[in-house]
Amino acid sequence: MESTVPVDVGFIGLGVMGFPMAGHLAAAGHRVAVFNRTASVAQRWSGEHQGRVAATPADAADGAAIVFMCVGADDDVRAVTYGDDGALAAMVEGSVLVDHTTASADMARELATACSEQGIGFVDAPVSGGEAGAQNGVLTVMCGGAAEHFERARPVMDSYARAVTLIGPAGAGQLTKMVNQICIAGLVQALSEGLEFGRRAGLDLDAVLDTISQGAAGSWQMSNRGTTMAADEFDFGFAVDWMRKDLGIVLSEAQRNGAPLPVTALVDQFYKRIQELGGGRWDTSSLIALLRPLESR
């Protein structure tokens with residue numbers, strides 16, 4: 001299957017990520033049927049893109065060679081997958097279910113088993129790159145599943161990604177996303193501390209960022225969020241509420257595999273404090289707000 005060959009696809013979940021992802025599929029020429037729990041969002045999507053609005057997840061999956069999901073968490077995945085109205089009720093042998101939700105590795109393995117029993121392929125495929133990455137079609141997709149299922153879905157996923165990689169068997173994609181979130185959590189806290197140190201030292205933060213971003217301290221977070229963090233602007237990217245959901249998954253998995261995550265656990269509590277300040281919808285770079293004097297918040 002080549003990405004230039006149109007295929008019938010279903011897309012379930014039109015949130016800040018799923019909405020543009022489904023749009024890229026339509027723009028690439030694929031025949032898209034969309035489902036969203038809030039029907040008005042699906043109607044808005046169909047007004048902006050070429051595609052069909054489905055009444056249920058099963059309706060979106062009906063006749064689809066590949067069905068994509070991008071919902072909230074494990075329970076949301078189950079709600080749109082199982083039952084008479086769930087995607088699996090309409091999927092046929094030989095089709096592939098791709099879950100872009102950031103969920104648990106156990107959820108991925110559960111779905112892989114359920115799909116296998118029906119002769120359906122499954123790929124767990126959480127993404128990184130945030131809302132901007134979804135809108136610009138440059139997401140990083142980390143996948144778990146069988147190679148044959150991955151290869152059927154990969155050219156279609158290329159519609160909204162710059163990197164689509166098979167890491168290992170079912171669950172490996174979700175575990176890789178956990179590694180991703182662990183790394184981001186520690187990095188954002190360090191960047192917050194560095195910027196606040198520089199501010200209190202009286203440095204020109206624009207000059208500091210321009211200089212150190214070209215050296216060993218440079219990162220995507222620094223290049224894309226450093227300036228806005230310094231300006232206390234937190235209306236970009238991935239929300240704190242979602243990061244805490246992800247870190248909860250990470251910490252639960254770490255309890256099982258014994259991985260020590262002292263910094264991640266601490267940063268999770270910092271994000272909890274951001275929520276208590278009313279910043280649950282701020283982006284994850286808002287950690288710096290906890291380091292500022294109360295009167296400046």
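As the structure is a computational prediction, the values presented were derived from the model and not from experiment. All values below come from the heavy atoms of this structure, side chains included, with hydrogens, waters and symmetry mates left out. If you read the sequence from its start, that first residue is 1, and numbering goes on from there.
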- CG/D283 to CG/N224 distance, rounded to the nearest 0.5 angstrom? 11.0 Å
- Message: Minimum heavy-atom separation for T102 and K245, please, with both atom names.
- Response: O-NZ, 2.6 Å
- Output yes when a side-chain donor or acceptor of W282 lies under 3.5 Å from a complementary backbone atom of F234, and no otherwise. no
- Query: About how many Å separate CD of E110 and CG of D74, when rounded to the nearest 0.5 Å?
  - Reply: 8.0 Å
- Are F150 and L139 co-members of a hydrophobic cluster defined by side-chain heavy atoms under 4.5 Å apart? yes
- Message: Quick check: is F236 connected to W242 through a chain of hydrophobic side chains (ILVMFWY, heavy atoms under 4.5 Å apart)?
- Response: no
- Message: How about CZ on R37, more than 12 heavy atoms from neighbouring residues, nucleotides or ligands closer than 6.0 Å, or not?
- Response: no
- Item | Atom of V188, atom of Y271 and distance for their closest heavy-atom approach | CG1-OH, 4.0 Å
- Rounded distance (nearest 0.5 Å) linking atom CD1 of I184 with atom CE of M243: 5.5 Å
- Item | Side-chain heavy atoms of F68 within contact of V9, under 4.5 Å | yes
- Message: If the threshold is 4.0 Å, N to carboxylate O, is there a salt bridge linking R52 and D59?
- Response: yes
- Query: Judged by modelled atom types alone, do D246 and Q181 share a side-chain donor-acceptor pair under 3.5 Å?
  - Reply: yes
- Path from V71 to Y160 over hydrophobic side-chain contacts below 4.5 Å: no
- How long is the span from the CE atom in M21 to the SG atom in C70, to the nearest 0.5 Å? 5.0 Å
- Item | side chain to side chain donor-acceptor pair (under 3.5 Å) partners for D99, two or more places apart | T101
- May I ask you to check whether over 12 heavy atoms, not counting those of E93, lie within 6.0 Å of atom CD? no
- Task: Please answer whether the main-chain N or O of G133 pairs with a side-chain N or O of N136 as donor and acceptor at a distance below 3.5 Å.
- Result: no
- Item | Lys/Arg-Asp/Glu bridge criterion (N-O < 4.0 Å) met for E196, R199 | yes
- salt bridge (Lys or Arg N to Asp or Glu O under 4.0 Å) assessment of R281 paired with D235: CA-CA 8 Å; R281 301 308 298 172; D235 296 325; over 6 Å; no
- Task: Walk me through it: do R154 and D158 pass the test salt bridge (Lys or Arg N to Asp or Glu O under 4.0 Å)?
- Result: CA-CA 6 Å; R154 180 191 54 76; D158 283 342; 3.3 Å; yes
- Task: State, to 0.1 Å, how close A87 and A61 come at their nearest heavy-atom pair, and which atoms those are.
- Result: O-CB, 3.6 Å
- Query: Looking only at heavy atoms, which two atoms of A55 and F35 are closest? And how far apart?
  - Reply: O-CE1, 3.4 Å
- Task: Using a cut-off of 6.0 Å, state whether more than 12 heavy atoms not belonging to N257 lie near its atom CG.
- Result: yes
- Query: L14 and A22: which non-hydrogen atoms are nearest, and at how many Å?
  - Reply: CD2-CB, 3.9 Å
- Taking all non-hydrogen atoms of both residues into account, name the closest pair between V240 and S286 and its distance. CG2-OG, 3.5 Å
- Query: Quick one: which of I167, T176, V164, V98 gives a side chain to side chain contact (heavy atoms under 4.5 Å, CB included) with C143?
  - Reply: V164
- CD (E233) with more than 12 external heavy atoms under 6.0 Å: yes
